[in-house]
Amino acid sequence: KGCHCWRSVDLSPFFANDQTVYAGSAYGGLYKSANAGSSAPRWAQVNAGLEPDWVSVRAIALSPRYPSDKTVYAGTEAGIFKGVEQVDGTVAWSRLNQGLQSTDVRALGISPNFSQDNVLYAGAWGGDIYKQRKGSPASWAAQRRILNGLWSWTTAVTQDGVLFNGTWSTGPTWPQILGRNVLNGST
């Protein structure tokens, strides 16, 4: 069911040991392989609980503690979902959209200090990077000073805290990469 045009992929931080890969498709959902490094990898759809069922998974981020906490984040056209893998291999999903002005999430990036700060960044179609704020429930704060109205397409955070964001625009400012150190605020 749905299109299996792959939109996103993320590897376990311990791929060499656990061989785990998540792949998101356009309108086909989220898939996981626990033996992706083998000559015959097996893939299982793990999007039961994501909304809608035919969800387009545009961004994936695995917790740096994935082997122990089994946590995966998915950015979709319906927002951000946090999934925790259960003992039976299914994933229990919860929606994390509080504070997002656009739920069409195209990019996710994890803070290099995630183990201490639990900070996640999300790039939304329509012009903002969001930073997850701590609290219960966690909410998102727009980081307008970073993108200045450009539309987010992809996001990555380096180990030393530089946030890179690939943008999409029309007109003379073709897609570009913006770098900003999110740990100390410098560009």
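In this text, all values refer to a predicted model and were calculated from it rather than measured experimentally.
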How long is the gap from [atom1] on [X] to [atom2] on [Y], to the nearest 0.5 Å?
X	Y	atom1	atom2	answer
W140	N97	CH2	CG	9.0 Å
T71	L62	OG1	CG	8.5 Å
F114	Q116	CZ	CD	10.5 Å
L120	S63	CG	OG	10.0 Å
D10	Y66	CG	OH	10.5 Å

- Task: Going by the side chain to side chain contact (heavy atoms under 4.5 Å, CB included) test, name the single residue among V72, T90, L30 that passes it with V46.
- Result: L30

Donor-acceptor pair, distance only, cut-off 3.5 Å: does the side chain of [X] make one with the backbone of [Y]?
X	Y	result
Y22	A74	no
S33	R42	yes
Q19	G37	yes
R7	Y27	no
N113	V119	no

- Query: Who passes salt bridge (Lys or Arg N to Asp or Glu O under 4.0 Å) against K32, sequence neighbours left out?
  - Reply: E85

- Message: Quick one about S12 and D18 (side-chain donor to acceptor, distance below 3.5 Å, no hydrogens or angles considered), yes or no?
- Response: yes

- Side chains of D88 and Q86: is there a donor and an acceptor less than 3.5 Å apart? no

- Note on the structure: Applying side chain to side chain donor-acceptor pair (under 3.5 Å) to S38 and not counting sequence neighbours gives N35

- State which residues pass side chain to side chain donor-acceptor pair (under 3.5 Å) with N17; sequence neighbours excluded, sorted by chain then number. none

- Message: If hydrophobic clusters are built by linking Ile, Leu, Val, Met, Phe, Trp and Tyr wherever their side-chain heavy atoms come under 4.5 Å apart, do I60 and V91 end up in the same one?
- Response: yes

- Consider only side-chain heavy atoms of I, L, V, M, F, W and Y, link residues closer than 4.5 Å, and tell whether L96 and I110 are in one cluster. yes

Which heavy atom of [X] sits nearest to which heavy atom of [Y], and what is that distance?
X	Y	answer
L108	G75	CD1-N, 3.5 Å
D117	S111	OD2-OG, 2.9 Å
A122	I80	CB-CD1, 3.5 Å
Y130	A124	CE1-CB, 3.8 Å
A36	F15	CB-CE1, 4.1 Å
Y73	K82	CE2-CG, 3.7 Å

- Co-members of V84 in a cluster of I, L, V, M, F, W and Y side chains, linked at under 4.5 Å: none

- Fellow cluster residues of F14, listed by chain then number, with links counted only when side-chain atoms sit under 4.5 Å apart: none

- Message: Test: salt bridge (Lys or Arg N to Asp or Glu O under 4.0 Å). Region: residues 57-79. Which pairs qualify, not counting sequence neighbours?
- Response: R58-D104, R65-D69

- side-chain contact (heavy atoms from CB on, under 4.5 Å) between F81 and S94, intermediate numbers included: CA-CA 5 Å; F81 292 84; S94 57; over 6 Å; no

- Query: Would V21 and Y31 satisfy side-chain contact (heavy atoms from CB on, under 4.5 Å), going step by step from the backbone distance to the final call?
  - Reply: CA-CA 8 Å; V21 174; Y31 291 79; over 6 Å; no

- Does a side-chain heavy-atom distance below 4.5 Å link T76 with T103? no

